[in-house]
Amino acid sequence: MRYSPRRPAGGRAPDRTGRPVERLLAERLAAALARPAAQQPDWPDRAVVRAVVDRLRTATPVVAPAETAQLSERLAAVARGEAFLLQGGDCAETFADHTAAHLRANLGLLKRMALVFTHATGLPVVPLARAAGQYAKPRSQQVDAQGLPVYRGDIVNGVEPTSAARTPDPARMLRAQANAVETMALARRLCRGELGDPHALHAENLRFVRDSPAGGRYAPAVEEIGRSLRLLAGLGASGRTARQSEIYVSHEALLLDYESALLRVDESGPEPLLSSGLAHFLWIGERTRAPQDAHIAFAELLANPIGLKIGPGTTPEQAVEYVHRLDPHGTPGRLTLISRMGHDRVRDVLPPIVEKVTASGHQVVWQCDPMHGNSRTTESGYKTRAFDHVLEEITGFLDVHRRLGTHPGGLHLEATGEDVTECLGGARGIAEHDLPARYLTACDPRLNAEQSMELAFTVAELFARRTPPRPERPR
Ligand code: PEP
Ligand code: MN
């Protein structure tokens, strides 16, 4: 198995005929993939899948190992309470929205929210996009209301309701991978350019304050950010630091044929593992985390920092079991536990989990996904979420961590910089009858730009109050 001609010296793809370490990892990978795996497509022809995977093995990696290593360091700081993790983007990327404008809108939003957080808390924010490979979707049903195979994301089949479109097509994996390479390249460029410039981000936040009905409430905060930037400028600093230009990408490690194609041996850690060339950060979803199944076994083999979604059915014992398996060496920030409990459950379900994991001595990142436990379908058939429920789950998450003295490490949002009407509420009071106007998501409803900024201003203050600033040590 080759990774690519661009792999760094020392990085080798696991090879069943190669060195002992490569053989061992290739065998462990094969054993993981031989386990039962939920949510995989019913490909019509395995021979075509094998041919596609062979091509993926020599494709250009999406991410560089040095970037992934940098993210691991950043997440260790989050786990120690010295930084925040802000993850966000589309529920599902689509081929149709593979445009510079869409990426610019989503990344710009993430970086503008990060600026607000950093100002409120005095802590660095690690920006992690749901992008450059967030194409595969787990689904609750096998067939849709019309009896067609469900849409499983653009990497598998088409969203159009025809049987031709819904037939899984392995060639889509090649297009997804090529898109991901382009997305990452553009993301790096944008973040080294205008999106790495706090003054430019601030100018956009000023426009938000001017144009949004909620803007007035946040004008003082924005004005303060402006003053801080003027201070920096007066001191001869631009605020354009190397850290400001960082951007990381993530997706759900769902489609195993895809995920297993671009791996390289990484011997930099306490044990040799496999580093994914497809993303800096991968997470395992709520529907594919059965402990004996393939996805968790696959995640155990990864050198990348990983996330695990935990829903309200998770027990403290299960959580600790996951932590032992996914962070066997006690590496701070190696594992992010992404709680998605629902606004009405988080205060009951999360505390014993946090207590038991903390008592285990492992330093995980605690991240709140206030989206996936708060979905509902309207009578007219739109899957949606209420802004107030999103806010309420975050508030509950913060209360739990404040009470237990643990660090509320971050947020995981489905949010877009575009002006969609997919979630209810916010300052503009989007109502059920407004949803059809610009309901554009291919899967779950996203906060729009205005709702996202409103959330950022509101919760940044809450995070600040709950977290005494402990600036990261200069290094
Ligand atoms: C998602 O993040 O889009 C998702 C499917 O989440 P979960 O696994 O938490 O349901
Ligand atoms: Mn989703």
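One-based numbering, in listed order, for ligands and for the atoms of each. What's counted below: heavy atoms across the whole structure, side chains too, no hydrogens, waters or symmetry copies.
At a threshold of 4.0 Å, the pair Arg385-Asp444 counts as salt-bridged, since one of the basic side-chain nitrogens sits closer than that to a carboxylate oxygen.
Thr377 places no side-chain N or O within 3.5 Å of a backbone atom of Tyr382 that could act as its donor or acceptor partner. In terms of modelled atom types and a separation under 3.5 Å, the side chain of Tyr322 and the main chain of Arg289 share a donor-acceptor contact. A distance-only check finds a donor-acceptor pair linking the side chain of Asn304 to the backbone of His280 [under 3.5 Å]. A donor-acceptor pair under 3.5 Å is absent between the side-chain atoms of Arg130 and the main chain of Glu414, judged by distance alone.
In the model, His251 has a side-chain atom that pairs as donor or acceptor with a side-chain atom of Glu259 under 3.5 Å.
Partner of Gln39 under the side chain to side chain donor-acceptor pair (under 3.5 Å) criterion, out of His295, Arg152, Glu252: Arg152 alone.
Note on the Mn ion (ligand 2): protein N/O/S atoms under 2.8 Å are Cys91 SG, His372 NE2, Glu414 OE2, Asp444 OD2.
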Quick check for students: name every N or O atom pair between ligand 1 and the protein closer than 3.5 Å, with distances.
| unit_1 | atom_1 | unit_2 | atom_2 | d |
| --- | --- | --- | --- | --- |
| ligand 1 | 2 (O) | Arg130 | NH1 | 2.9 |
| ligand 1 | 2 (O) | Arg130 | NH2 | 3.4 |
| ligand 1 | 2 (O) | Lys309 | NZ | 2.8 |
| ligand 1 | 2 (O) | His372 | NE2 | 3.4 |
| ligand 1 | 3 (O) | Arg130 | NH2 | 2.9 |
| ligand 1 | 3 (O) | Lys137 | NZ | 2.8 |
| ligand 1 | 3 (O) | His372 | NE2 | 3.0 |
| ligand 1 | 3 (O) | Glu414 | OE2 | 3.0 |
| ligand 1 | 6 (O) | Lys309 | NZ | 2.8 |
| ligand 1 | 8 (O) | Glu286 | N | 2.9 |
| ligand 1 | 9 (O) | Lys309 | NZ | 2.9 |
| ligand 1 | 9 (O) | Arg340 | NE | 2.7 |
| ligand 1 | 10 (O) | Arg287 | NH1 | 2.9 |
| ligand 1 | 10 (O) | Arg340 | NH2 | 2.9 |

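Annotation: Asp211, atom CG; neighbour count of heavy atoms from other residues, nucleotides and ligands within 6.0 Å is above 12.
Using cut-offs of 30° and 60° for the angle between ring planes, the Phe463 and Phe397 rings count as tilted.
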